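As the structure is a computational prediction, the values presented were derived from the model and not from experiment. Counting begins at 1 with the first residue of the sequence.
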Amino acid sequence: MEFLGQRLLRKTIIQVICRYKCMSHTDGNTFGLEHGKIGDRIAVVLDGKQIYKKLYKPTNPRTPKQQMHRAKLAFVNRLSKELAEAVNLGFEMVPEKGSGMTARNAFVKTNWDNGALVWLEREEEAASVDAPKGSKDGNNGLSGEWAVVPQRLVLANGPRYIGRGMTATVRDGRLHIGCSDPGLDDPHAMKDDRLMVAVYRPTVPTVHLFPGPLRKACKECCFDLSADVSGEEDVMHVYAWFQATTYHRSGGGKITVRPGQASPSVYLGSFQA
């Protein structure tokens, strides 16, 4: 048990220290308790008792591994902004209600886990991997940069069915999409699901969306590619998915379909107009 004199002495010592070294404050009575930083400690009050904890000083490691992680996070966040038009549509219904996650958060998580981002040393050349023009992710002296693997990039995700045999070709300034089997017999596919096509140009970087026909009529369709979509000798990556347009139930009432739900996107190829 602490005697009165000892407590007063301790309080006096603490107040002297506080005057020069701390950012704490004292309760306004004789036996006031300390709150806040005192030198290398933190004063807190728990259940009316004075407790002193060791001050934790966070570190900011700048090892190559940590710098690569930060560069990756900056790159994928910027990518989600560049592809926002497609991402906000394709991932609209992915976050659960009340989760606090946005469509862009879901896009970042999906492509982070999916291996859609790859680290390229500056000396390496990879024809199948494209990095957006002027990608400066705060590498701070790192000898490379993050880039997108177009074959793994996901622009939409959800429970809808994508179908089978989807193809894409570019002829005479037009993008031709074919779907030999739209999968109308699948419980996660409805005839009023709409085909969505996205054309991603990493050198700009930008994405263009083309709403297509409904699933029941999408075996063949084509879209005009204007100069701002195809560019001049730019490589463009083509993706497609289906998106629900109406609310209904399928699979004997066990499957609920809501407008905006999408299928996983599928990569249809890279082309040069």
So which heavy atom on [X] is nearest to which on [Y], and how close?
X    : Y    : value
F242 : I162 : CE1-O, 3.1 Å
R194 : T245 : CB-CG2, 3.9 Å
L89  : Q243 : O-NE2, 2.8 Å
Y52  : A43  : CE2-CB, 3.6 Å
A262 : A156 : CB-CB, 4.3 Å
R164 : D185 : NH2-OD1, 4.2 Å

**Message:** If you apply the rule side chain to side chain contact (heavy atoms under 4.5 Å, CB included), what do you find for E82 with T206, and how did you get there?
**Reply:** CA-CA 6 Å; E82 296 166 354; T206 187; over 6 Å; no
**Request:** Count the heavy atoms belonging to other residues, nucleotides or ligands that lie under 6.0 Å from CD of Q66, then report whether that count exceeds 12.
**Result:**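 Yes, CD of Q66 has more than 12 neighbouring heavy atoms, counting only those of other groups under 6.0 Å.
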**Prompt:** Should we say atom CG of D172 is surrounded by more than 12 heavy atoms from elsewhere, each under 6.0 Å from it?
**Reply:**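 Counting neighbours around CG of D172, 12 or fewer heavy atoms of other residues, nucleotides or ligands fall under 6.0 Å, so no.
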Kindly compute the distance separating [atom1] ([X]) from [atom2] ([Y]), expressed to the nearest 0.5 Å.
X    : Y    : atom1 : atom2 : value
D192 : L214 : CG    : CG    : 6.5 Å
D186 : S263 : CG    : OG    : 11.0 Å
K53  : I42  : NZ    : CD1   : 9.5 Å

**Prompt:** side chain to side chain contact (heavy atoms under 4.5 Å, CB included) between T102 and N105: does it pass, once the steps are laid out?
**Reply:** CA-CA 5 Å; T102 65; N105 294 150; 3.0 Å; yes
Any side-chain heavy-atom pair of [X] and [Y] under 4.5 Å:
X    : Y    : answer
L155 : L83  : yes
H176 : V170 : no
Y267 : L153 : no
V235 : T203 : no
Y161 : P182 : no
E92  : Q261 : no
L225 : F210 : yes
V76  : W112 : yes

Cluster overlap [X] with [Y], hydrophobic side-chain contacts below 4.5 Å:
X    : Y    : answer
L79  : M101 : no
V154 : V266 : yes
V197 : F271 : yes
L73  : L117 : yes
Y200 : V108 : yes

Can any side-chain N or O of [X] pair as donor or acceptor with the backbone N or O of [Y] at less than 3.5 Å?
X    : Y    : value
R201 : D228 : yes
W146 : M68  : yes
N111 : F107 : yes

**Message:** Between F223 and I177, is the side chain to side chain contact (heavy atoms under 4.5 Å, CB included) condition met? List the steps.
**Reply:** CA-CA 8 Å; F223 308 93; I177 303 294; 3.9 Å; yes
**Message:** Enumerate the side-chain hydrogen bond (donor to acceptor under 3.5 Å, both in side chains) contacts for residues 207-219, please, sequence neighbours excluded, ordered by first and then second residue.
**Reply:**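 Counting only pairs at least two positions apart or across chains, the side-chain hydrogen bond (donor to acceptor under 3.5 Å, both in side chains) contacts touching residues 207-219 are D193-R215.
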**Message:** Applying side chain to side chain contact (heavy atoms under 4.5 Å, CB included) to C179 and L195, what does each step give before you reach the verdict?
**Reply:** CA-CA 10 Å; C179 184; L195 174 67; over 6 Å; no
**Asked** Given H237 and S270, is the side chain to side chain donor-acceptor pair (under 3.5 Å) satisfied, shown in steps?
**Response** CA-CA 4 Å; H237 309 301; S270 299; 2.5 Å; yes
**W119-H69 aromatic ring centre distance below 6.0 Å** =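 Ring centres of H69 and W119 not closer than 6.0 Å.
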**Request:** State which residues pass side-chain contact (heavy atoms from CB on, under 4.5 Å) with T167; sequence neighbours excluded, sorted by chain then number.
**Result:**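 For T167 there are no side-chain contact (heavy atoms from CB on, under 4.5 Å) partners, ignoring immediate neighbours.
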**Item:** Any residue meeting side-chain contact (heavy atoms from CB on, under 4.5 Å) with V94, in chain and number order, not counting sequence neighbours
**Value:**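 For V94, the residues satisfying side-chain contact (heavy atoms from CB on, under 4.5 Å) (neighbours in sequence not counted) are F91, A106, N157.
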**Request:** Examine the side chains of R104 and S80 and answer whether a donor and an acceptor come within less than 3.5 Å of each other.
**Result:**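 Indeed, the side chains of R104 and S80 share at least one donor-acceptor pair under 3.5 Å.
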